[in-house]
Structures are given as C-alpha cells and as structure tokens.
Amino acid sequence: MELEELLHKHFGYSSFRPGQREVIEAILQEKDVMALLPTGMGKSLCYQLPAYILDKPVLIVSPLLSLMQDQVEELKRFGEKRVVALNSFLSLTEKRYVLHYLEQYRFIFTSPEMLLQQQVQDKLAQVKLGLIVVDEAHCISQWGYDFRPDYLRIGEWLSRHNRPPLLALSATATSKVMQDIRETLSLKEPFEFMYNVDRPNIHLGRIVLEDKADKASWLMRHVKETAGPGILYVSSRKRAQQYSEAFLQAGIRTAAYHAGYGAEDRQFIQQQFIDGELDWIVATNAFGMGINKQDIRQVIHESMPANIANYMQEIGRAGRDGESALAILLYSDGDEELAKFVVTGDLPSPQHVDRYEELISQQVLPAQMLKNGELGETAFRVLDYWMQQETKEQVKARLNHLALEKYHAVDEMLKIIQTKDCIREHLVGYFGQKLQKKPENCCENCGIHYDEIKKERLTAEKKIEMISWERRLQQLLMGK
DNA sequence: TTACTAGGCAAATCTGCCTAGTAAATCTCGATTG
C-alpha cells in the first residue's frame with residue numbers, strides 16, 4: 001500500500017504536510033532521523049504513521065506530563081486504545097500493571113526521569129521497539145546541562161543496547177542545539193530535515209523604552225488599542241501577576257500563567273485561552289510548549305529572552321493560521337544584566353563543588369547540602385550529576401564554561417535587539433539559513449506600519465464577535 | 001545586577017526617607033511532613 005493510502009486509512013488525511021513524507025520514508029528505511037519541524041505542522045504524525053506500518057511499539061520520550069496527556073488523548077480520539085503515559089501520575093499498582101503489559105501498547109509515552117529507572121529499563125529491554133522518539137529534543141541542549149541532567153543520561157541508556165531507529169523531533173534548530181542532539185543521542189548518520197525557520201507573516205517589532213515604568217505604560221496603551229489573542233512574556237512570576245491584574249482592571253480578559261500555579265489551574269487557564277475566553281496571557285517562559293492555538297495575533301516580550309532559540313520558539317507561537325501577526329520585543333538599557341543573572345543564578349558555585357567533595361571525603365551524603373539549605377534543588381541536582389561524571393576541577397571548569405556560554409547567548413540576543421540591519425535576516429542567518437524574500441512589514445528596521453496593523457486588529461476583533469454566535473448556541477444547548 | 005519591601009527613624013501624629021535584606025525561570029520523581 002502507498003504511504004498516502006496508509007495515511008488516509010489510519011488518520012483520514014489525503015496528503016502529507018511538508019517534511020512528513022521524507023521523515024517517514026527515512027524511518028521506514030531504518031535510518032536515524034532528526035526532524036526540525038515547526039509546532040502545529042504535524043510533527044507527531046511522523047511517528048504515529050510508522051507505528052502502524054512497523055507494527056511494533058513506539059517509545060516516545062517527552063519533556064512534560066501535560067504534553068504526554070495531550071498526545072495520549074489525541075491518539076485516543078483517533079480510536080487508538082493501545083496508548084499509555086508511563087509517568088508519576090500512575091499509582092504504584094497502575095505502574096506495575098503498565099510495565100507488566102508493556103509490549104502490548106503501541107505508543108508508550110514517558111519522561112527521561114522515568115525512563116532511567118532500573119525497573120523501566122529492565123522491562124524495556126524485553127520489548128521489541130520499532131522506533132524510539134525523543135520529542136522536543138532541544139530540551140537535551142536547553143535543559144540537559146543545568147536543569148534536568150537526566151536528559152543527558154538518555155544518551156547513555158541508548159548506547160547500552162541494540163536500539164531501533166531513533167527520531168529526534170524539535171522546532172528549535174540552531175546549529176548548537178542540533179549538534180547537542182546528534183552527540184547526546186549518538187545519532188548514526190541521521191537523515192536531517194529542517195524547515196524554513198522564517199515566518200513571513202510575523203512582523204518583528206522592537207521598541208526601546210526608557211525603563212520599566214515606561215514599558216508598563218506603553219504596554220497598557222498598546223494592549224487597550226489592539227486586539228488579542230496575545231501572549232505577554234515577562235521575566236518573573238510576580239510581574240506576570242502584576243500585569244495580569246492591571247490588564248484585568250482595564251477590562252481586558254487576562255490571566256497570569258507561571259509554574260507557581262498548580263497543574264489544574266494551568267490546564268484551566270490554557271484551555272480558556274485556547275477557547276478564546278481570554279485575550280491575553282501574561283506568562284513566564286513556563287507557557288508555550290505544546291500549545292496549539294492557531295490564531296495568536298501577538299507575542300510581546302516585556303523583558304529579554306535568554307537566547308535566540310527561546311525567542312524564536314516563543315514568537316513562533318503567533319500566527320500559526322498564516323494570517324499576519326505581531327511580535328514585539330521591548331528593551332530598555334541594561335535588560336541584559338538581569339537576563340544574565342537569572343540564567344546563571346542557579347548554577348552551583350566553585351565553593352559548592354569543594355563542599356560536595358569535602359562531604360564525600362567525610363563519607364557524608366552530599367544531599368546533606370540540600371537539607372542544610374546550602375544550595376537550591378536545581379543546583380544540587382546539577383552538581384550531583386556532574387560530580388558523578390567528572391573530577392572536581394573538571395566540574396568547576398565546566399560550570400564556569402556553562403555560565404560563559406549563557407552570557408554569550410544573552411549577548412547574541414542583544415545583538416539582534418541592537419542591530420540596525422534587517423532583524424529577520426539576522427535571525428534567519430543565526431539558524432544558518434538565508435532569507436528568501438523580505439515580506440511587507442518585515443521588521444522594525446525595515447519599517448512596520450503599526451497603525452495599519454492596529455486597524456487590521458480591530459477588524460479582526462469584529463470578526464471574532466461574529467463567529468461567537470456558535471459559542472452562544474453551544475452555551476444555550478449546554479444550559480449555561 | 002537590579003529593584004522591591006520591610007523596618008527604623010525623624011518629625012509630626014501621618015508621611016517620607018534611608019538602609020539592609022531578599023528575590024528574580026524552566027520539570028519530573030519520590031521521600032517526607034503536617
């Protein structure tokens with residue numbers, strides 16, 4: 001049967017989206033694949049279809065519990081029952097059950113942390129997997145070194161046994177991220193597919209303001225004059241709270257979103273935003289992964305993103321429907337200092353390294369440091385990982401190098417902000433690509449007609465109102 | 001590095017200024033605690 005026929009049979013689609021066919025063919029030829037596809041372009045189909053063709057279980061390593069849940073539900077909507085999320089949501093009994101019948105599932109979603117548990121590995125060794133997928137593989141690079149070291153351990157696990165082909169999926173594709181993925185996962189001469197990173201329908205604004213207060217008044221004005229849906233990214237939970245309250249007082253349907261909220265609240269806010277019940281989300285970088293909302297019209301950064309990869313991911317959430325969208329980065333002098341502080345603030349210090357070694361030599365568990373409050377949980381996890389890998393001096397050098405890399409990444413971002421040339425060209429160039437064509441309203445330096453965009457927004461708002469009869473009808477039927 | 005907050009103090013009975021202390025993002029798992 002042709003691939004198209006299989007696609008139609010299993011998912012009801014008549015044709016592939018760009019990249020899907022190439023990726024699937026490579027997998028079927030038992031090649032390792034690194035596929036860099038924008039979110040919302042059907043990344044998951046790249047493993048879903050092969051799962052049916054290969055007729056063997058597929059293991060998907062996913063960074064977020066919520067992402068796993070979403071994907072499990074999506075597959076269930078397609079009528080697939082043999083799908084499971086193996087994570088800490090399961091009770092001990094459930095986990096035991098799932099592990100016992102593991103080979104009977106077609107799709108097994110799990111976290112890196114769970115994957116590294118001995119009992120899980122033992123069981124997986126007995127299952128003949130058809131494909132291993134590392135979803136959102138940029139997390140290896142973004143989180144592995146200084147946040148979730150288990151991302152780096154995935155590679156060790158993979159190299160230990162005879163594995164099936166591996167598919168690394170991501171939407172972030174800087175050369176450094178790609179290199180980290182290749183190395184950590186030991187991809188064997190991978191087939192690589194990379195989409196065009198440019199998103200011509202997103203206008204790239206950059207506005208330099210005096211200070212924080214200036215930003216606040218600019219934002220209030222802007223948000224009142226233009227329509228959402230939009231995401232405002234801020235640098236702290238507290239500020240997310242403050243802005244969302246201010247917007248609410250101005251009569252704008254807004255919610256704050258950050259990791260300080262529980263899973264249920266976050267799910268609820270996210271759903272409200274997706275359903276069009278909120279105009280703005282004011283969020284920390286916790287918001288975004290796995291969000292598939294087509295009509296986000298604006299993404300504004302109130303403070304500097306830590307690096308270009310994050311920036312691209314965050315603005316890339318706008319305009320998935322192909323309609324015009326606006327990304328605005330607000331900057332005031334010295335913003336980079338705070339960004340640098342925040343991204344390196346959690347790294348263990350050389351003193352922590354010495355202390356760790358001291359405790360080891362005294363035959364005291366290093367976790368004592370954590371109990372004494374000598375350093376935070378993240379810092380300890382990172383320190384503990386590296387101290388098991390390398391000598392004291394190597395770890396010190398590594399941590400120093402990590403901090404320098406992070407500073408450098410902030411500086412690269414700053415260059416984008418400060419450039420007097422085309423911002424789009426600069427951004428695309430950072431990903432090793434060449435800009436094909438400059439769109440209208442390209443970027444701040446090429447010229448953006450903000451007034452026209454504002455008008456467009458207002459018309460868009462009316463359109464939304466017209467559609468809402470559907471919603472009203474639904475409410476009537478539901479008796480709300 | 002920055003910027004907000006609490007607390008102390010002067011001078012006046014509420015307010016303002018200064019200083020020291022503190023906090024600033026991302027996740028999962030599992031052990032411990034109230």
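Given the structure is predicted, the values throughout are model-derived calculations rather than measurements. Reminder, nothing fancy here: chain letters follow the sequence lines and each chain counts from 1.
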I need the [atom1]-[atom2] distance between [X] and [N], as an integer number of Å.
X         : N       : atom1 : atom2 : answer
Lys406(A) : dA25(B) : NZ    : P     : 15 Å
His258(A) : dC27(B) : NE2   : P     : 12 Å
Lys371(A) : dT32(B) : NZ    : C1'   : 10 Å
Asp146(A) : dC27(B) : CG    : P     : 14 Å

Phosphate contact ([N] OP1 or OP2) by [X] side-chain N/O below 4.0 Å:
X         : N       : result
Ser235(A) : dA25(B) : no
Arg237(A) : dT26(B) : yes
Ser88(A)  : dC29(B) : yes

Who does [N] pair with, Watson-Crick or G-U, both distances under 3.5 Å?
N       : result
dA11(B) : none
dA23(B) : dT2(B)
dT32(B) : none

**Message:** What's Asp150(A) touching, base or sugar-phosphate or nothing? Going by heavy atoms closer than 4.0 Å.
**Reply:** nothing

**Under-3.5 Å donor-acceptor pair between Arg381(A) side chain and dC29(B) base** = no

Suppose you measure atom [atom1] in [N] against the same atom in [M]; what distance do you get, rounded to whole Å?
N       : M       : atom1 : result
dA25(B) : dG21(B) : C1'   : 22 Å
dC14(B) : dG8(B)  : C1'   : 16 Å
dG16(B) : dA12(B) : P     : 13 Å
dA11(B) : dC17(B) : P     : 14 Å
dA24(B) : dT28(B) : C1'   : 23 Å

**Prompt:** So which nucleotide from dC27(B), dG30(B), dA24(B) ends up closest to the side chain of Phe341(A)?
**Reply:** dA24(B)

**Asked** Hey, would you say the Tyr105(A) and Tyr101(A) ring centroids sit under 6.0 Å apart?
**Response** no

**Message:** Using 30° and 60° as the class boundaries, would you call the ring planes of Phe247(A) and Trp280(A) parallel, tilted or perpendicular?
**Reply:** perpendicular

**Fill in**
Nearest heavy-atom approach of Leu427(A) to Phe431(A) is O-CD1, 3.1 Å

**Message:** Would Arg253(A) and Phe273(A) count as a cation-pi pair here, with the cationic atom under 6.0 angstrom from the ring centre and within 45° of the axis?
**Reply:** no

**Request:** Find out whether Leu115(A) and Leu59(A) are in side-chain contact, i.e. whether some heavy atom of one side chain is under 4.5 Å from a heavy atom of the other.
**Result:** yes

